[in-house]
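Structure, as structure tokens:
For this chain, numbers begin at 1 and follow the sequence in order. One-based numbering, in listed order, for ligands and for the atoms of each. Note that the structure is predicted; figures quoted are calculated from it, not measured.
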Amino acid sequence: MCGIVGYVGSKQAYPILMKGLYRLEYRGYDSAGIALVDGDLKLYKTKGKVSDLEHFVHDKDVTGTIGIAHTRWATHGEPNNINAHPHYSQTHNLALIHNGIIENYGPIKEELQKRGYKFISDTDTEVIIHLIEDIKVNEKVTLDEAVRIALNQIIGAYAIVVISKEDPDMLVAARKGSPLVVGIGKNEFFIASDASPIVEYTQDVVYLNDEEIVTVRRGHKIKIKTITNKDKTPYIQKLELNLSALEKGGFEHFMLKEIFEQSRSIQDSMRGRLNAKEGTVKLGGILDYEQKMANAKRIIIVACGTSWHAGLVGEYLFEDLARIPVEVEYASEFRYRNPVINEDDIVIAISQSGETADTLAAIEMAKMKGATIIGICNVVGSSIPRATHAGSYTHAGPEIGVASTKAFTAQVTILTLMALRIAQMKGTIEKSRFHRLLNELEAIPEKVKETLAVDKQVKELARIFTYTRNFLYLGRGYNFPVALEGALKLKEISYIHAEGYPAAEMKHGPIALIDREMPVVVIATNKGTYDKVLSNIQEVKARKGKIIAIVTKGDKDVKKLADYIIEVPETEEMLVPLLATIPLQLLSYHIAVMRDCNVDQPRNLAKSVTVE
Ligand code: F6R
């Protein structure tokens, strides 16, 4: 939530900052702003998207080789010109951008107001810059020291960058709970919420840790210290990020590109880990912990949103294959309960961004209670992989569309590999079944390609249902999380109300909703419960509901009943989510496009939810 960019060097800052903002716009897009120093501290900001900011500044002076920029996802104060970042200090000598939430902004604001500070915005952010200036002036300290002292008084989450008119060679930044990465170029530095604004200029980056403050000064080396004033040696890493992954590559939207990437991304998730010929599954990141996983009496999976749906597939997989009881928890609920956690529990935290605040907090809580935490994350170097004991990256590549697509199938792939490996170690799976599943998993990327061929047909279907107001999604077993995920995708990008249910639950309530206006998407690929799903379809038909069925190629019986059929290739039941999710992603996508919705940046959403 909120994207941050900073630059100091010898080049003009404006184009670098604007390009960076476009790259980070997935993090929030309700207002944007920029501050540059070139003699004066110039600050421009506006409600709307980064393109609105660009339009707003087109006739303004944007010269300067140092600057900061921000794209906002509002928490405190509605999106408007005043609440947009950067925020000036009282004297207009300093300006600041912030991502996060300051919990104790109320008492700090009161105190500063008593001392004569005037607040013009409704944000929690404004207190930080006034507090820094107050400390700098009254205690007569340098800017970085004033930032350090101020942060000791602040409770909450932040990634901040401060720029000063009086010291036009330096930026000061800090983080706690919100991500920040510093790029080190030749006589230049970049600061950003993630590496995407940096990658085309330098491969050398430092990921800041919580409660660290970084000072970057023209002609000097990067300097990091903690808020308790301990010097830290910067750990410079090489970026593994491909610039083309950040571009649309000929697709109309990132979401469509990412849906179509899934054959490749699933392959990348398995690369070097699965060898069907030799009958091995090897996840390097968890090697030291796999015995502990095999010995676990219980696995708790914590996640949010789509990652939580992947976790539900994980529950079926681990119970089915490795015979370990699994609980799947919303991280936001789990962290505020008083859950029973034992030292031999394994907690698996799933997150695309690796920054989700609730998931991070759930991890910290479980860690304090002695559990072993295994991460499944996509963004390399993000906070969650650093907070876990061990884990596996999904290697799906950057996911820029706000609605998660390829991250989901990559998470399910990793969970399948983990469950298979643990089952193999525990001896809870027959050799022949193990080998069959490995072979089938290896074949999935090809089958994903085959599945994607339904795109045209799904587009036609989308035309029929473009203006429908409600949708129901039904699935049983492994297809129940698929139903939930299908419904979530539709509501978040097309704003159509949609519900996902286990098919058999329909008769306990949702059946009341069914009439000729109600399309019901049924994922009907199950072998084990095929007849039961057929009965559920009959129940919908008897009430004149319209059935859109996802079936296995060659299906006969569902075909006779359904109004519309989408076929996916045959595979093992537990691998169906990797295929059946795809037509549902495409259906949401095409409906949203036909409704003229902003597919990649749906209203009110942001990709990386770094606030509670
Ligand atoms: C849905 C979506 C969200 C995320 C959720 C968790 O399309 O993107 O529901 O899945 O916010 O995010 P991560 O996986 O980054 O922890």
Side-chain angles (χ1 to χ4, degrees), residues 1-2 26-28 73 177-179 193-194 253-256 258-259 262 265 269 301-314 328-335 347-363 373 375-388 391-394 396-412 414-415 473 481-482 484-496 498 500 581-582 584-589 592 597-612:
M1 317 214 121
C2 299
Y26 72 88
R27 301 179 66 86
W73 185 87
S178 301
S193 300
D194 72 31
H253 296 98
F254 279 111
M255 182 176 175
L256 190 61
E258 286 156 10
I259 292 172
Q262 288 175 105
S265 56
S269 302
I301 299 180
V302 293
C304 304
T306 288
S307 299
W308 185 80
H309 296 156
L312 286 180
V313 180
V328 188
E329 302 269 0
Y330 286 115
S332 54
E333 286 298 311
F334 181 74
R335 62 180 288 196
V347 171
I348 299 181
I350 309 175
S351 174
Q352 187 287 128
S353 62
E355 299 292 349
T356 302
D358 284 319
T359 309
L360 254 175
I363 289 171
I373 322 288
I376 298 179
C377 291
N378 193 37
V379 178
V380 177
S382 55
S383 300
I384 291 176
R386 287 187 285 153
T388 50
S392 298
Y393 281 115
T394 46
E399 191 181 66
I400 294 167
V402 164
S404 195
T405 52
K406 63 175 178 172
F408 173 80
T409 45
Q411 289 163 346
V412 171
I414 298 294
L415 285 160
Y473 287 71
V482 175
L484 292 178
E485 178 55 11
L488 177 65
K489 276 307 77 96
L490 186 69
K491 59 187 145 192
E492 61 185 345
I493 60 166
S494 71
Y495 320 137
I496 294 174
T581 310
I582 291 169
L584 306 187
Q585 295 168 344
L586 287 168
L587 183 65
S588 314
Y589 171 80
C597 297
N598 188 336
V599 173
D600 282 337
Q601 294 169 352
R603 71 181 179 210
N604 305 337
L605 295 179
K607 183 105 190 123
S608 176
V609 187
T610 53
V611 297
E612 278 193 47

For a quick check under 3.5 Å, do E399 and S404 share a side-chain donor-acceptor pair by atom type? yes

Sorted by chain and number, sequence neighbours left out, salt bridge (Lys or Arg N to Asp or Glu O under 4.0 Å) with D600 holds for none

If the criterion is any heavy atom closer than 4.0 Å to an atom of ligand 1, which residues make the list? C304, G305, T306, S307, S351, Q352, S353, T356, V402, A403, S404, L488, K489, E492, V609

Does the separation of the ring centres of H253 and Y589 fall below 6.0 angstrom? yes

State whether a side-chain donor-acceptor pair under 3.5 Å links Q585 with Q262. yes

Any donor-acceptor pair under 3.5 Å from S353 side chain to E355 backbone: yes

Polar contact flag, side-chain donor to acceptor under 3.5 angstrom, T306-E485: yes

